[in-house]
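Step one of this worksheet: look at the structure below.
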Amino acid sequence: MKQTIELKNVSVHYYGNTAIENISLNVEEGNIIGVVGPNGAGKSTLMKAVLGLVKYRGSVSVFGQKVDHIRKNIAYVPQRTSIDWDFPVLVKDVVLMGRYVHVPWYRNVSRKDRERAEEALEEVGMEEYKNRQIGELSGGQQQRVFIARALAQDTDLFFLDEPFVGIDVNSEEIIVNLLKQLRSKGKTIFVIHHDLSKVETYFDQILILNKQLIASGGVKEVFTPANLKQAYGGNAAVLADDSEMVVVGP
Ligand code: ADP
């Protein structure tokens with residue numbers, strides 16, 4: 001199995017405050033990996049460090065290379081709340097943005113690029129909305145359009161930051177099924193996620209984070225009351241039956 005990302009002693013500090021500390025991990029291709037941990041645990045920061053969007057100490061490699069050389073091979077879907085939905089742009093143009101990484105500066109997008117973008121819109125069931133403004137769509141539809149943009153990028157590695165927050169059940173199901181299809185094609189998908197009740201059905205592996213990496217590996221081995229308690233502290237209420245866990249509070 002090929003390694004997708006490898007982190008060695010990665011730390012990020014914002015104005016002297018530690019967001020993540022000494023994270024080392026190796027992830028193999030062909031998995032859906034959930035990144036879980038309480039609010040402020042550094043989940044988004046970890047993703048941004050891998051993408052080279054924040055300054056970090058330590059080393060990060062993606063497919064054995066520095067991220068600067070390979071950024072176009074990572075599709076990133078940021079948190080919905082970080083996107084300006086009033087920005088006047090059509091659905092089809094949002095998806096076409098996924099193709100720009102493959103278009104050299106000296107030429108325009110080609111018919112092939114447009115076709116790929118349309119295909120991606122079909123994959124998320126949003127083709128009939130292609131001429132709508134992105135701001136007119138529901139939360140779930142907007143998220144599906146951003147997933148289509150990521151699909152149109154034709155990459156092997158996907159990073160999704162809280163993709164299921166504020167979306168309808170139907171959109172969630174469409175997205176989860178798509179992620180499973182991508183995995184069956186050998187793609188690797190990292191998903192920041194806070195709903196612990198879905199962890200066992202959605203993910204193959206998880207990273208449990210609270211500034212430091214508390215545990216990582218297969219869901220069965222790692223998604224344990226002891227690890228969750230270490231990450232969530234007093235907020236993790238572990239029910240008597242080991243298989244069910246709930247998190248109380250934020
Ligand atoms: P999570 O995604 O797990 O909620 P984040 O990575 O967003 O956590 O944040 C980790 C910590 O870093 C938090 O304490 C947060 O307030 C802080 N932080 C995140 N982004 C910034 C930033 N741009 N500037 C300063 N502090 C930040």
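Counting starts at 1 for both ligands and their atoms, following the listed order. Quantities reported herein were computed from a predicted structural model and do not represent experimental measurements. These numbers come from the heavy atoms of this one structure, side chains and all, not from hydrogens, waters or symmetry mates.
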ask   = Considering only protein heavy atoms, which is closest to atom 8 (O) of ligand 1, and at what distance to one decimal place?
value = Gly42 N, 3.1 Å

request  = From the options Ile33, Asn227, Val219, select the one residue that forms a side-chain contact (heavy atoms from CB on, under 4.5 Å) with Ile206.
outcome  = Val219

inquiry  = I'd like to know if atom 1 (P) of ligand 1 has any protein heavy atom within a distance of less than 4.0 Å.
reply    = yes

query = Which atoms of ligand 1 are found less than 4.0 Å from any heavy atom of Pro38?
reply = 3 (O)

query = Looking at ligand 1, does Gly37 have a heavy atom less than 4.0 Å from it?
reply = no

inquiry  = Taking the side chain as everything from C-beta on, heavy atoms only, tell me whether Ile5 gets closer than 4.5 Å to Val67.
reply    = no

request  = State yes or no: are the ring centers of His193 and Phe203 separated by less than 6.0 Å?
outcome  = yes

message = Out of all atoms in ligand 1, which are within 4.0 Å of some heavy atom of Ala41? Include the element for each.
response = 1 (P), 3 (O), 8 (O)

ask   = Quick one: does atom 19 (C) of ligand 1 have a protein heavy atom under 4.0 Å from it?
value = yes

Ligand 1 to Tyr15 polar contact by distance, N or O atoms, under 3.5 Å = no

ask   = Which protein heavy atom lies closest to atom 14 (O) of ligand 1, and at what distance to 0.1 Å?
value = Gly40 O, 4.2 Å

note = atom 7 (O) of ligand 1: closest protein heavy atom, distance to 0.1 Å, is Ser44 CB, 3.9 Å

Salt bridge (Lys or Arg N to Asp or Glu O under 4.0 Å) evaluation trace for Glu127 with Lys130 = CA-CA 5 Å; Glu127 65 278 18; Lys130 66 180 179 185; over 6 Å; no

inquiry  = If you count every heavy atom of other residues, nucleotides or ligands that lies below 6.0 Å from Lys8 atom NZ, does the total exceed 12?
reply    = no

ask   = Any luck finding a side-chain donor-acceptor pair between Gln142 and Arg80 under 3.5 Å?
value = yes

message = Please determine whether salt bridge (Lys or Arg N to Asp or Glu O under 4.0 Å) holds for the pair Asp156 and Lys185, giving the CA-CA distance in whole Å, both sets of side-chain angles, and the decisive distance to 0.1 Å.
response = CA-CA 9 Å; Asp156 293 324; Lys185 293 180 192 158; over 6 Å; no

query = Do Glu115 and Lys112 sit within salt-bridge range, that is, some charged N less than 4.0 Å from a carboxylate O?
reply = no

ask   = Numbering the atoms of ligand 1 from 1, which are under 4.0 Å from a heavy atom of Thr45?
value = 5 (P), 6 (O), 9 (O), 10 (C)

remark   = Closest to atom 23 (N) of ligand 1 among protein heavy atoms sits Tyr14 CE2, 3.9 Å

